[in-house]
Structure formats: structure tokens, C-alpha cells
Amino acid sequence: MVAYPDYIDIRKIGINRTGLTTEEKFRYSLTIDLKEEIKNVLVVIMMNPSHANEVSSDKTVNRVIDYAYNNYDKLLIFNALPIVDPSNDKFDNIENLNFHCKKNVEALTTELELLVKNDFRIDVLLGTGIPKSSKKIFDRELQNIYKILYNNRKKITIKSVSHTINKLKKKLRNGEYTYHISRKKFQPSVDLIIKEDPMGKYLLKIVDKKSTK
């Protein structure tokens, strides 16, 4: 168990999940108000939830909090898949998986609509990585996530983290996935947009900062 940073008021942590207990195996969102006045919001989307809840955190969530606290007033953490199991990425045999994936998409849609309605500045940090298995399900749900972001593209900015391999900085994994947010200190450095191809597939594109100047 990992404690939240001392500066976080756990009374301001909200969890959207199935049921009312901390033992539930599905979580759709984790929300933390970082400041009293909300103007700037960070929405983080990772692979699948850890066991972080209203009273205990984990290392990755705390890294995200440390970054967000210095730059934003509110933090919302979502995942491409809502299954709480950080040690196992085999999702194929999860009971009622489609039902929970639908709830997961609804949660992100609802929260983004509310943020846009309140005219907040919204940054989205994508850090999903790629699961070792169940990639077909993951890709399907990632497309649902990308569609939501695409539909809100005029109201949000999208970023991700780069990853250094053999001293070379990589911006996208396999050319189409964002790198997972590591447990080390990170700084979002990759600007992204989402495009829809002629087949209706949503694709990540790196923004060339030089061409936009």
C-alpha cells in the first residue's frame, strides 16, 4: 500500500466504480481536486487501473499527482480498460467485460462533456502502452477512447511522454501507441492530434512544432 502525498486531501478524491466497496474489480475513473478554484484540468488515460482508491495510492498515480499538482487544479485518471488488476493484462475471460467497457466509455464521455461545458482548459495525457495479451479487445476500446477525444478535439490538447531506447528518443510505440507513464519522473513532451482515416479508424499523429510556428 502506498500513501497519497501529504498535500492531497483524501476527502477530495472521487472514485467511479462498480458497487460501493474498495474491493470492486472495475474502476472507471479516479478524480482529485488539487486546488480550490478549478480552471486547468489534466485528464490522464492509461492502460488499466491499479488498486488506488480513496485512502491509498500507488507509485504511478503518485507520479501523475506530483506532475499535475504543479500545473493543474484538477486531475482525472481514466483507462482504456476498466479492469483493476495491475499484475495481469489478460482481459479475454473477464465476466461482463463488454458491459464494463461500455460504462468506462460513458464515464469518459460524461466527464469530458462536463469539463467542456464549464469552459475549463483541458489537457489530455495519453499513456496507455500496449498489453502483452488481449490486444484485440484493447485496440477496440482504444478506438472508442480516440473517438471521444476526436469529437472534442477543438476543446482539448493531447500530449504523451517519449521513451528513450538505445539513446534514441521514441515518441510513439510501434508508430501508433503512446508509451505508458513510467514510475520515474516524467515530463509530457510529445504533442499529438487524432485523425480519422477513410476507413473510419482513429490514428494518432505527432504535431510538428516547427511546422506550426
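Residue indices begin at 1 and follow the sequence shown.
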Asks: Does Tyr69 have any ring-ring contact (aromatic ring centres under 6.0 Å, His included) partners at least two apart in sequence or in another chain, and if so, which?
Replies: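 Counting only residues at least two positions away or on another chain, Tyr69 forms a ring-ring contact (aromatic ring centres under 6.0 Å, His included) with Tyr7.
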Asks: So which heavy atom on Glu54 is nearest to which on Ile13, and how close?
Replies: O-CD1, 3.9 Å
Asks: Check the pair Asp197 / Lys195 against salt bridge (Lys or Arg N to Asp or Glu O under 4.0 Å), numbers first and verdict last.
Replies: CA-CA 6 Å; Asp197 74 7; Lys195 294 284 190 178; over 6 Å; no
Asks: Please assess Lys12 against Glu36 for the test salt bridge (Lys or Arg N to Asp or Glu O under 4.0 Å), listing each intermediate value before the final yes or no.
Replies: CA-CA 10 Å; Lys12 296 183 178 180; Glu36 292 296 330; 2.4 Å; yes
Asks: Heavy atoms only: give me the nearest Leu81-Pro49 pair and the separation to one decimal.
Replies: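 Scanning both residues, the minimum pair turns out to be O-CD, 3.2 Å.
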Asks: State which residue, out of His100, Lys103, Glu111, fulfils the side chain to side chain donor-acceptor pair (under 3.5 Å) condition with Tyr28.
Replies: His100
Asks: Is there side-chain contact between Thr178 and Leu172, with at least one heavy-atom pair below 4.5 Å?
Replies: yes
Asks: Could you grab the distance from atom OG of Ser29 to atom CG of Leu76, nearest 0.5 Å is fine?
Replies: 7.0 Å
Asks: Do you know the tightest heavy-atom contact between Ser50 and Val61?
Replies: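 Smallest heavy-atom distance, with atoms named: OG-CG2, 4.3 Å.
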Asks: Looking only at heavy atoms, what is the nearest atom pair of Ile181 and Thr60, with distance?
Replies: O-CG2, 3.8 Å
Asks: Nearest heavy-atom pair of Tyr202 and Glu196: which atoms, and what distance?
Replies: OH-OE2, 3.7 Å
Asks: Determine whether Leu75 and Ile10 fall in the same hydrophobic cluster, where Ile, Leu, Val, Met, Phe, Trp and Tyr are linked whenever their side-chain heavy atoms lie under 4.5 Å apart.
Replies: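 Looking at the clustering, Ile10 is in the same group as Leu75.
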Asks: Check whether any side-chain heavy atom of Ile156 sits under 4.5 Å from a side-chain heavy atom of Val43, and report yes or no.
Replies: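 Answer no - side chains too far apart.
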Asks: Looking only at heavy atoms, which two atoms of Ile145 and Leu108 are closest? And how far apart?
Replies: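 Closest approach of Ile145 to Leu108: CD1-CD2, 3.6 Å.
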Asks: Heavy-atom count around Lys170 NZ within 6.0 Å, excluding the residue itself: above 12?
Replies: no
